[in-house]
Amino acid sequence: MHAQLDQEVAERSEAQQRALAAPVGGPADAYARDVEVHRLAERIHQLRAAERSLCFGRIDGSGDGPSAPEGGLHIGRIGMRTPEGGTLLVDWRAEAARPFYAATMVSPMGLRRRRHLRTDGRRVVGVSDEILDGSAPLPGDVVGDGPLTAALSGPRTGRMREAASTLQAEQDEIVRSSHRGVTVVDGGPGTGKTIVALHRAAFVLYAWSAIAGRGVMVFGPNRRFLTYISDVLPSLGENDVHLATLSDLVGAEPTRAEPDRIARLKGRAELADALAAHVREHQPHGVPLTLRTAHDTVVLDAALVDAARRSALQGASGHTEARALFLEAIVDDLVSELEARTTREDSAFEAELEAAYGLNLDRAVAGDLTRMGGGAQGTGADLDIDWEQIHEDLLEDPAVDRAVGTVWPRLDPEDVVRRVLADPAALARALPVASAEDLEQMAGTHSHAGAGGPTAWTFADLALLDEARALVDGPPEDVVGHIVVDEAQQLSPMQWRALVRRCPERSMTVVGDLAQAGPTSTIRSWDEALAPFVQDRFEHRTLSVNYRTTAEILESTRELLGRIAPQQRLSRSLRHGEDPTRVPSSRGGLLEDLRRAVDGLRASDPDGLVGVITTAADADAAQDALRGTGASVVPAPDARGLEFDSVIVVDPSAIEAAGEAGERDLYVARTRATHRLVTLEPGWDDPES
Ligand SMILES: Nc1ncnc2c1ncn2[C@@H]1O[C@H](COP(=O)(O)OP(=O)(O)OP(=O)(O)O)[C@@H](O)[C@H]1O
C-alpha cells in the first residue's frame, strides 16, 4: 500500500511540474493551470497526511454476507486503487466502510472479523481482532485488548487526536448520517461530542461535494479550544476547514468585561428588534421630501416617498444598498415632476402666445422643421431638454443627496450599536424583563462612548455589531455550506443569529451539553435555540458513553450534576481508575500546597499532562506559582472542551461561588481528567471551618 502511495505522490508531483512548465496562452489558460496545480497539491497533501496510519482496519465477510469481498476490505484514511483499478484501500468515510464501525455481535452485517491495525510509521506494531459472527477464532485471528481501550488509556498531548480508526457505532452513525439539515448532538462531558463533530466535518467534505465546495467552518468558543482541536482535521487530510471564534467572524476583539447579567441581556434576541427599529427610524415613514434643484424646487409628497422606500427595501439588502435604490427612485419621481411641470408651463406659455399674438408655436416650429428637412414632432420646447442627462446629473447632485440624507441618512453599524445601547427608552421597550438599574448600567457604559476614539467592545457586543452590520451593510459575504458548532450551549440567541447568518442553507452539526452552560447562556433547550431558524426541523442525538473520565471521577460528579441538571443522567464510563483525592490546604498556604501537589503528580507520572483549574481571579497567581512545572493553568470558565491526564481543581468552593455559573464551572472542571482528579481545598481539614 505504501508503495502505491509513493507511486501516486510521484505521479502527481510530476504532473504538477509538467503543468507548471507548460506554456500558457492567456489569462483563461493560466487560471485553468492554477486550478489544476492547486488540485494536485491538495491531493499530494492528502496522500502525505494519510501516510501515518494509512491503513488501520480490515473487515472480512463471513462468506454468506455481501459486506466484505473475499480477501477482506482494508479501511484507511484515504481511498486507493490498484494499478489495475481494483480496490486497494477504502476511505473510512465511504459507504463500504460502514460495517467496520457499525457491525456488532448482535448485528454482524455479514462480517466474520473486524481487525484493527496499529502502525508505527510504515510498520504494523499491533493487531487485534473481533470475531463478530460467533464462530471460533481461526489460526490467523488475534483476539486481544480493544484498540479503543489503548487509545483512551494513552497519555494526552495537549492536542486532540483524530479517532477515525476507533469511532464507535453510536458516534459513527451521527458522523455519516445522511441528514443534511441541522443535527444536534448532546451528551455529558467526555462522550465524544467534539470527536463526532470534527469527524462529521471530514465526512461532509468527503460525501457532499456541493456543500463542501461552499466551505465548512468549525466554530468554537475561544482560541484556546480551537488550538486544542486544530490538529484533528489536518491529520484526517482535510486542510480547507476554517476554524473560527465569534471574534474571528466579526473581526473585532472584546477589550472590556461586563457583569454577566448585562451580557445575558445583550444576548437576547429582542435586541435584534431594537437595532432593526433604530435603522427603520432612519428611513422615511409618512414624511414629504423637499428637493431644491437648479431647475426648480419640488416637494414629493409622503405617499411617493413611502412608495420609493418600499420598493428600495424590496430590491436591496441592507440600509446602505437600499438608500442607493431609494435615491434612484426619488430622482425618477423628481424628473417626472420636472417634466410634468415643463409640459404644463410650455402649454401655458403657448396658450398665452396664441391668445396675445394668435401664434401657434407647434405649427410654426413644425413648419420650420419641415423646411429644414426634419420631422414634425412635439413642441419646440421639448426638443431643447435632455431629460436623461438631467436624470444622470441629479443622481450625482450633492444637493439631492443631502436632501435624501435628511430622511435616509447613511448609518455606521458601530454607531447604531452605540446609540441603541445608550438609549434607555429603546432598551426599555426591547427588554421589558430588564430592571431599571440594568438598563441604566447598559446605557451608562455606552453613553460616553463614541465621542471619538474606538469603542471598547465587550464580548456580548460582538453579536450586536454583527447584527447591525447585516442591517446596514447587508448579510456577510463569507458564508459557508456547513457549520460545525462546538460547545453550542455557550451561545446566546444573538450569537446564534450571527452564526446562522453565515450558513444560509442551514446545514449544521451542533454539539454541546446544556449542563455545561456558561454564565451568560440563557438557552434552556435546543428547541429554544433553534426554533427561530429551523422551527423543530432538526435531528437530535444523545451520546451516552464517556470516553474521557474514569467511572470513579464521573461518580464524584453525581451530586453536582443532580443539582445543575436533575433531568440528566450520568453517562457510562468505559474505564476504571483511582478515586479522586482531596488535599487540605489553608488560604495562606494555598499556592505552596498547589506547587507541592503538582510536583507530586509530576513525580508519579512525569509525562502526564497536568491541568490546574482555578477561579478566574486566582489564575494569574497560580500561573506565577507554577512557573517551570509545565502544568497548564486554566480559569474554570475557559476549561470547557479541554482535557488533561491529571487535573487539580483549586478551591472548588471559590469556583462555585465565583459567578452565576459557578456550579456548572465546577462540574466542567471536575470532568476534565482522564486519570486523576485532585481537589485542593482550603479550610477543609480546619475544624473551625
Ligand atoms: N471513538 C473514540 N476513539 C478514541 N477516542 C475517543 C473516541 N471518542 C472520544 N474519544 C476521546 O474521548 C475524549 C473525550 O472526547 P470529546 O472531547 O470529544 O468529548 P466531549 O463530549 O466533547 O466532551 P466535553 O463535553 O467535555 O467537551 C477525547 O480525548 C477524545 O479523543
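Just follow the structure's listing: the first ligand is 1, and inside any ligand the first atom is 1.
- Separation of the Tyr206 and His199 ring centroids does not fall under the 6.0 Å cut-off.
- For ligand 1, the 4.0 Å heavy-atom shell contains residues Leu148, Leu152, Arg156, Met160, Ala163, Thr166, Leu167, Gln168, Gln171, Gly188, Pro189, Gly190, Thr191, Gly192, Lys193, Thr194, Ile195, Glu487, Gln516, Tyr547, Arg548, Gly641, Glu643, Arg672.
- For Ser525, the side-chain contact (heavy atoms from CB on, under 4.5 Å) partners at least two apart in sequence or on another chain are Asp527, Glu528.
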With side-chain hydrogen bond (donor to acceptor under 3.5 Å, both in side chains) as the criterion, how do Glu681 and Thr679 come out once you've worked through the C-alpha distance, each side chain's angles and the decisive distance to 0.1 Å? CA-CA 6 Å; Glu681 303 188 21; Thr679 39; 3.1 Å; yes

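- Within a 6.0 Å radius of CZ in Arg161, other residues, nucleotides and ligands contribute more than 12 heavy atoms.
- Remark: Arg48 engages no residue in a salt bridge (Lys or Arg N to Asp or Glu O under 4.0 Å) (not counting sequence neighbours).
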Identify all side-chain donor-acceptor contacts of residues 216-225 below 3.5 Å with residues at least two apart in sequence or on another chain.
from	atom 1	to	atom 2	distance (Å)
Asn222	OD1	Arg224	N	3.3
Asn222	OD1	Phe225	N	2.8
Arg223	NH2	Asp248	OD2	2.5

